[in-house]
Peer 1: 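This is the structure I want to talk about, given as structure tokens.
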Amino acid sequence: MSGVWVFKNGVARRIENPTRESIESATASAGGGGGGRRSELVYAPTGEVVGSHEELERRLGELGWMRYHAGRPELIQYHRGATSPDLISLPHRFADLRSIHMYDIAVKNRSFFLVRDRRSTNRATVH
């Protein structure tokens, strides 16, 4: 019996031959959570939810981020320039964006982005 046990809301599930996606999927659906993305990225100055890579690229461009072409088609990456170590790596499909990606953006742009729970108006602590 090999695999990984995932515990969420008092429910345990065993995942055989786990991948990151299968573990995230199991934790999202355990306990009747309903799957899907639970967080949303908000552009703080306007309060608008960022809903596409095009919107995000426009907002990041306004803040000095540039698209970084590293030859990895599964990723979209942004950097602040040759002198900055900051790099944001995102999945190519916006629908695959997870909260960890959103928090990466929010932490590197504290005054401009925040991550909010989709089910409530409770805002995250990263401002």
Side-chain angles (χ1 to χ4, degrees):
M1 277 193 28
S2 64
V4 174
W5 286 93
V6 178
F7 296 90
K8 174 86 175 187
N9 296 330
V11 177
R13 292 184 181 192
R14 188 174 67 84
I15 301 172
E16 195 167 330
N17 299 324
T19 63
R20 180 177 170 185
E21 290 77 19
S22 65
I23 292 173
E24 287 177 353
S25 173
T27 57
S29 62
R37 195 176 339 166
R38 296 181 184 188
S39 301
E40 56 191 12
L41 183 65
V42 177
Y43 185 64
T46 62
E48 295 174 353
V49 174
V50 178
S52 69
H53 274 303
E54 291 76 21
E55 280 182 72
L56 181 59
E57 186 162 352
R58 183 170 50 84
R59 297 296 187 187
L60 289 174
E62 293 169 1
L63 300 173
W65 290 87
M66 297 169 279
R67 188 88 175 258
Y68 179 71
H69 300 281
R72 295 187 65 187
E74 72 276 9
L75 294 177
I76 294 177
Q77 296 181 311
Y78 299 94
H79 69 101
R80 283 200 180 162
T83 59
S84 175
D86 290 338
L87 182 69
I88 296 173
S89 297
L90 306 172
H92 187 72
R93 287 179 5 110
F94 194 80
D96 294 336
L97 202 70
R98 301 281 181 240
S99 61
I100 192 164
H101 301 111
M102 296 178 201
Y103 279 109
D104 188 35
I105 294 166
V107 166
K108 292 175 179 167
N109 300 279
R110 287 187 187 271
S111 300
F112 297 96
F113 290 97
L114 57 95
V115 179
R116 179 170 62 194
D117 185 359
R118 205 175 238 186
R119 296 184 200 172
S120 71
T121 57
N122 183 21
R123 294 179 184 256
T125 57
V126 179
H127 293 258

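In what follows, every heavy atom counts, from backbone to side chain, and hydrogens, waters and symmetry copies are set aside. The residues of the chain are indexed from 1 along the displayed sequence.
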Peer 1: Do Asp96 and His101 have side chains that get closer than 4.5 Å, going by heavy atoms?
Peer 2: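 No - every pair of side-chain heavy atoms lies 4.5 Å or more apart.
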Peer 1: So do the side chains of Ser99 and Arg38 get within less than 4.5 Å of each other, counting heavy atoms only?
Peer 2: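 Contact flag for Ser99/Arg38 side chains = no.
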Peer 1: Heavy atoms, side chains only, cut-off 4.5 Å: are Phe113 and Leu56 in contact?
Peer 2: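 A side-chain contact exists here, since the closest heavy-atom pair is under 4.5 Å.
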Peer 1: In the structure I gave you, are the side-chain heavy atoms of Glu57 and Tyr78 within less than 4.5 Å of one another anywhere?
Peer 2: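 Yes, at least one pair of side-chain atoms sits under 4.5 Å.
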Peer 1: Please name the pair of heavy atoms, one in Ser39 and one in Val115, separated by the smallest distance, quoted to 0.1 Å.
Peer 2: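 Between these two residues, the closest heavy atoms are CB-CG1, 3.7 Å.
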Peer 1: Do Arg116 and Val49 pass the side chain to side chain contact (heavy atoms under 4.5 Å, CB included) test, and can you show the C-alpha distance, the side-chain angles, and the key distance before you say yes or no?
Peer 2: CA-CA 9 Å; Arg116 179 170 62 194; Val49 174; 3.4 Å; yes
Peer 1: Could you tell me the separation between the CD atom of Glu40 and the CG atom of Asp117, rounded to the nearest 0.5 Å?
Peer 2: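 If I round to the nearest 0.5 Å, the distance is 8.5 Å.
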Peer 1: Say you draw a straight line from NE2 of His69 to NE2 of His79; how long is it, rounded to the nearest 0.5 Å?
Peer 2: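 It comes to 8.5 Å.
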Peer 1: Run the salt-bridge test on Arg59 and Glu62 with the 4.0 Å N-O cut-off and return the result as yes or no.
Peer 2: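 Salt bridge present between Arg59 and Glu62.
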Peer 1: Can Leu90 be reached from Leu63 by stepping across I, L, V, M, F, W or Y side chains whose heavy atoms are under 4.5 Å apart?
Peer 2: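 Yes; tracing contacts between hydrophobic side chains, which count when under 4.5 Å, links both residues.
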Peer 1: Between CZ of Arg98 and CG of Asp104, what distance do you get to the nearest 0.5 Å?
Peer 2: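 Here the interatomic distance stands at 15.5 Å.
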Peer 1: Please report the interatomic distance CG(Leu75) to OH(Tyr68), rounded to the nearest 0.5 Å.
Peer 2: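 OH of Tyr68 is found 11.5 Å from CG of Leu75.
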Peer 1: May I ask you to decide if the ring planes of Phe112 and Tyr43 are parallel, tilted or perpendicular, using 30° and 60° as cut-offs?
Peer 2: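 Correct class here is parallel.
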Peer 1: When rounded to the nearest 0.5 angstrom, what distance separates CG in Leu87 from CH2 in Trp65?
Peer 2: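 The CG atom of Leu87 sits 7.5 Å away from the CH2 atom of Trp65.
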Peer 1: Please determine which of Val50, Leu41, Val42 meets the side-chain contact (heavy atoms from CB on, under 4.5 Å) test together with Met102.
Peer 2: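 That would be Leu41.
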Peer 1: Taking ring-ring contact (aromatic ring centres under 6.0 Å, His included) as the test, write out the residues that go with His92, two or more places apart.
Peer 2: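 Applying ring-ring contact (aromatic ring centres under 6.0 Å, His included) to His92 gives none.
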Peer 1: I need the Glu55 CD to Glu48 CD distance, nearest 0.5 Å.
Peer 2: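 Rounded to the nearest 0.5 Å, the CD-CD separation comes out at 7.0 Å.
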